[in-house]
Amino acid sequence: MVIKVLEIIVSPILAFIVGVFFLGLFRKITARLHWRYGPPIIQPVLDLIKLFHQQGFSHGPVFDLGIILALAGSIILVLFIPFGGICPLSNSGGLLVILYIMLFAPLGIALSGGEGANPNISIGVSRKLILALGYEVSFLLVLLTLMTYYNTISIVDIVENQRNFQWALFSPLALSGIAYFLILPAMLGIRPFDVAGAPQEISSGPAVEYGGRHLGLFHIWHAFSLFIYIALFVDLFLGGGSNPLTFFIKMLVVFILLTFIHGVFPRFRIEQAIKYLWKWPVIISLLGLILVMIIR
Amino acid sequence: MDRKDIKKWFKAPGKMGHKYSLWAIYFCTGCGIIEIPPVITARWDAERFGVIPVATPRQANLFLITGYVSVKTLRAIIRTYEQMPDPKYAVGFGSCPINGGMYWDSYNTIKHLDKYIPIDGWIAGCMPRPEAIFVAVTHLWTLIDQGKAKAYVNYREKYKYYRENQERVLGKLDWPPLYSIGGGND
């Protein structure tokens, strides 16, 4: 019982540290790819300290509560995802609960943006929802394939089945893994799919009215979402990890690959993004599902 | 950032945060903006100083006024400056905001920018080199460290003076005063 409570306290803190470290590494690697020197790796921490010491603006109670709802949704989601050996709540609910709680964060941002009443926010939110419409199709197909293959909805059981290097990525599930990796940039909102928060087109989209500590909370939410989607990929396809360190190393590899994609590609327009997302990931994940159906 | 700073970090983390994370707003005034793309991209890389461009005034705390200020632009500058959250630093870039520069006798530009919004520092030259921006940033660090970069406090305290000057040039302003005109207690 005590261990359970400790895990519930520790795992969001670990996720926060890893997420903020990833934000710093993200900027550093992108800078090195652009042949720049780049900021110090603790720059996001400095930014967060600054943002929480700034004067804040508020456009009303929903504007404050929406961003808190998004952050709370992400923190709850962290509790359901096994991080190495640490899995506080992941025995209950499994993948279906994760699918439901994933809706919290975009909903909170959209609510908060509605109170902000800036046209750029509504464009950004609608783009985010259209993008979600694009990647959810293949995401659901991938999860369906996993549940069919392992005959369980529990994420702990899926991790358990992949022990001793029987990773899902090197099994008949490989096609689903590739499809998940193809939609991962769209889920994280990094290039080539950063249409929702494009600074040059729509003044950074949903974050346009955020300043001071709202923006700080938005950055923390972004750090959490980086952690969540990559941790989910590691859990589902790379066999989790026996301890937090190996899990972290696997996450680091996936993250650095994604950062390379971010550093190299330009941005899609929204209809190009949808065209891509409804074509290749869907085809690959459907093939994966059919393959798994035939094998079983 | 060096090791001597650690004591300051524990004493005033907010101040150090403002110092090392200056976010400049994308705002193009006149010809000086042509020096900004090299500064933020690969050749001079302002990101190593923590200076990045952001798209909205709500997120920014550094305002570079690059080049001559026409009367029409002054309106946008004041609105942008008033929307930025409070420790905010404004820097005039080039000789035109200082005293009019080569537009000293123009009918449509303002000569002294610091009559309309408070300025923390100036970068002289026509054009200044991109390195001058880094000199300005490091100098701004020193000013923040010594507590001298207080132009935003000045704006609040002498708001009546600034508002009168703004109204003299722009006519009646179509937005309410940011602080009470009496100045001070807001």
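Throughout, a chain's letter reflects where its sequence line sits, starting with A, and its residues are numbered from 1.
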Among P39(A), G211(A), G212(A), A31(A), which residue forms the greatest number of heavy-atom pairs with chain B at distances under 4.5 Å?
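Heavy-atom pairs under 4.5 Å are most numerous for P39(A).
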Nearest 0.5 Å, what's the [atom1]-[atom2] distance between [X] and [Y]?
| X | Y | atom1 | atom2 | result |
| --- | --- | --- | --- | --- |
| Y210(A) | Q59(B) | OH | CD | 10.5 Å |
| K28(A) | R48(B) | NZ | CZ | 10.5 Å |
| L46(A) | K19(B) | CG | NZ | 11.0 Å |
| L22(B) | K50(A) | CG | NZ | 7.5 Å |
| I40(B) | R36(A) | CD1 | CZ | 9.0 Å |
| Q43(A) | E47(B) | CD | CD | 7.5 Å |

Is F49(B) close to chain A through its backbone or its side chain, or both, or neither, when contacts mean heavy atoms under 4.5 Å?
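For F49(B), neither part sits under 4.5 Å from chain A.
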For M84(B), is it the side chain, the backbone, both or neither that has a heavy atom under 4.5 Å from a heavy atom of chain A?
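Contact with chain A involves the backbone of M84(B) alone.
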What are the two closest heavy atoms between S203(A) and A55(B), and how far apart are they?
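Closest approach of S203(A) to A55(B), heavy atoms only: CA-CB, 3.6 Å.
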Nearest atoms (heavy-atom pairs only) where I49(A) meets P13(B)
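Looks like CG2-O, 3.4 Å.
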Would you say that more than 12 heavy atoms from the other residues, nucleotides or ligands in this model lie under 6.0 Å from the [atom1] of [X], or not?
| X | atom1 | result |
| --- | --- | --- |
| I34(B) | CD1 | no |
| H139(B) | NE2 | no |
| K115(B) | NZ | no |
| F104(A) | CZ | no |
| R43(B) | CZ | no |
| W23(B) | CH2 | yes |
| F139(A) | CZ | yes |

Does any non-hydrogen side-chain atom of [Y] lie less than 4.5 Å from one of [X]?
| X | Y | answer |
| --- | --- | --- |
| Y20(B) | I42(A) | no |
| S204(A) | T56(B) | yes |
| Q54(A) | H18(B) | yes |

Any idea which of G14(B), P85(B), G17(B), A42(B) has the most non-hydrogen atom pairs under 4.5 angstrom with chain A?
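Greatest number of close heavy-atom pairs with chain A: P85(B).
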Which region of L51(A), side chain (C-beta onward) or backbone (N, CA, C, O), has a non-hydrogen atom less than 4.5 Å from a non-hydrogen atom of chain B, or is it both or neither?
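For L51(A), the side chain is the part near chain B, not the backbone.
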For D45(B) and G38(A), indicate whether the former's side chain and the latter's backbone hold a donor-acceptor pair under 3.5 Å.
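Yes: the side chain of D45(B) pairs with the backbone of G38(A).
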